[in-house]
Amino acid sequence: MNEKEQSLDFLYKTLPEILIPWYLKHARDLPWRKDRVPYHVWLSEIMLQQTRVEAVKGYYTRFLKEFPTIADLAEADEDRLLKLWEGLGYYNRARNLQKAAKKIISENNGVFPSEYSEILTLPGIGEYTAGAIASNCFDEPVAAVDGNVLRVISRITESYEDIQKPAVKKQVKARLEAVYPRTRCGDFTQSLMELGAIVCVPSGAPKCGVCPMEDLCVAHRHGTEQKLPVKNTKKERKQEERTVFILRCGTKIAVKKRKKEGLLAGLWELPNISEKKTAKEAMEILSEWGVSPVSLKREAIRKHVFSHIQWNMTGFYVECGQEAPEMEWVCKNELGASIALPTAFRQFLDEDFFQNV
DNA sequence: AACTCGGGGTC
DNA sequence: GACCCAGAGTT
């Protein structure tokens, strides 16, 4: 073992004794930390994938209130499920959640599996989430390596490896699992992520002055913590032009259900087509749809940014003479209560619009 | 290994 | 604007 590996070995071995006591003292009071019920921990971990804590809090509480048990989730109506997920994004998380719930009911007698390898087989659960559940709920010495952990480790060890490479994540996981404590496995898992969330933060300067690893962190000793972690280059977002119709017929608004696969799968949408159309072209399209006579009230330009696509939308607000057959015509109440309409479209339903509904 | 899949903070 | 977030599934 060379000098560099000895240093790494020492740093990793030190983590549990320093971070667990720090975590027990500084842990935030979060809704999903009130108990260690696998269903609760599982739900929170799914919601937290690529999603900030503050955004999740409200969704988590609402979701559990409506679906208190795995059986309730398994039996849930999909439209209702998606409505509860509306605005949270990555909607396949919700479908996979229910798929897994059904699997647990049918194949495991409703009992959440207690072993890392079994947990990993559930839809929507990858290595990170399986590790988080296994260590937190079943005290198994399994690491949960997320963006927080990779950032913390890359700084403590001053590693300039690209943390987006799977090999890097794999090695960090193995090294962590070599030093997992015999008890309090969940606290150790949480301590690494908590440090990343509230001290070794992702944006802005890390709060090294209050970090329990301050004296040991190699990046901090070298003043390089702001350069880490290293991530691969970004790819450009595809630009898509769309024309969106905000159609009213009396007090009803036209919506359509999206396809079962792909972007915003299974959610609702305002009628829309690809390409940017002029008002004249747009009115011609509407006559083909059978909503005539039409009266164009106003236009609006809106933009929506997804992870890999940007929609540049032209919206036409139109009063229609009849309800076209190929779509659903719903009232304002339904739009709020039962129709899961993504943010991209909800932008068009501004105050002016609702005053006239 | 590269893509797909949301939405909102933060700088 | 650009980046990032308690990632997973598909190709």
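Naming convention: chains lettered A, B, ... in sequence-line order (proteins, then strands); numbering from 1 in each chain.
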Please pick, from B:dG7, B:dG6, C:dC4, the nucleotide with the shortest atom-to-atom distance to any side-chain atom of A:P202. C:dC4
Report yes if a side-chain nitrogen or oxygen of A:R151 is closer than 4.0 Å to either non-bridging phosphate oxygen (OP1 or OP2) of C:dC5; otherwise report no. yes
Taking the six-membered ring for Trp and the single ring otherwise, decide whether the centroids of A:W32 and A:Y39 are under 6.0 Å apart. no
Judged by each residue's nearest nucleotide on DNA chain B, which is more toward the 5′ side, A:A167 or A:R93? A:A167
Below 4.0 angstrom from OP1 or OP2 of C:dC5, is there any side-chain N or O of A:K231? yes
Checking B:dG6, C:dC4, C:dA8 against the side chain of A:L263 (C-beta onward), the nearest is B:dG6
Among C:dA6, C:dC4, B:dA1, find the nucleotide with the atom closest to the side chain of A:L48. C:dA6
On the nucleotide C:dG1, are OP1 or OP2 found under 4.0 Å from the side-chain N or O atoms that A:K303 carries? yes
Nucleotide nearest A:Y90 (side chain, heavy atoms from C-beta), chosen from B:dC5, B:dG7, C:dA6: B:dC5
Shortest side-chain distance from A:Q50, nucleotide among C:dA6, C:dG7, B:dC5: C:dG7
Residue-phosphate contact under 4.0 Å: A:H304 side-chain N/O, B:dG7 OP1/OP2: yes
Ring centroids only, cut at 6.0 angstrom: are A:F345 and A:W268 within range, meaning strictly under it? no
Winner on side-chain proximity to A:N96, out of C:dA6, C:dG7, C:dG9, is C:dG9
Compare side-chain N and O positions of A:T129 against OP1 and OP2 of C:dA8 and report whether any pair is under 4.0 Å apart. yes
At under 4.0 Å, does any side-chain N or O of A:H308 touch on OP1 or OP2 of B:dC5? yes
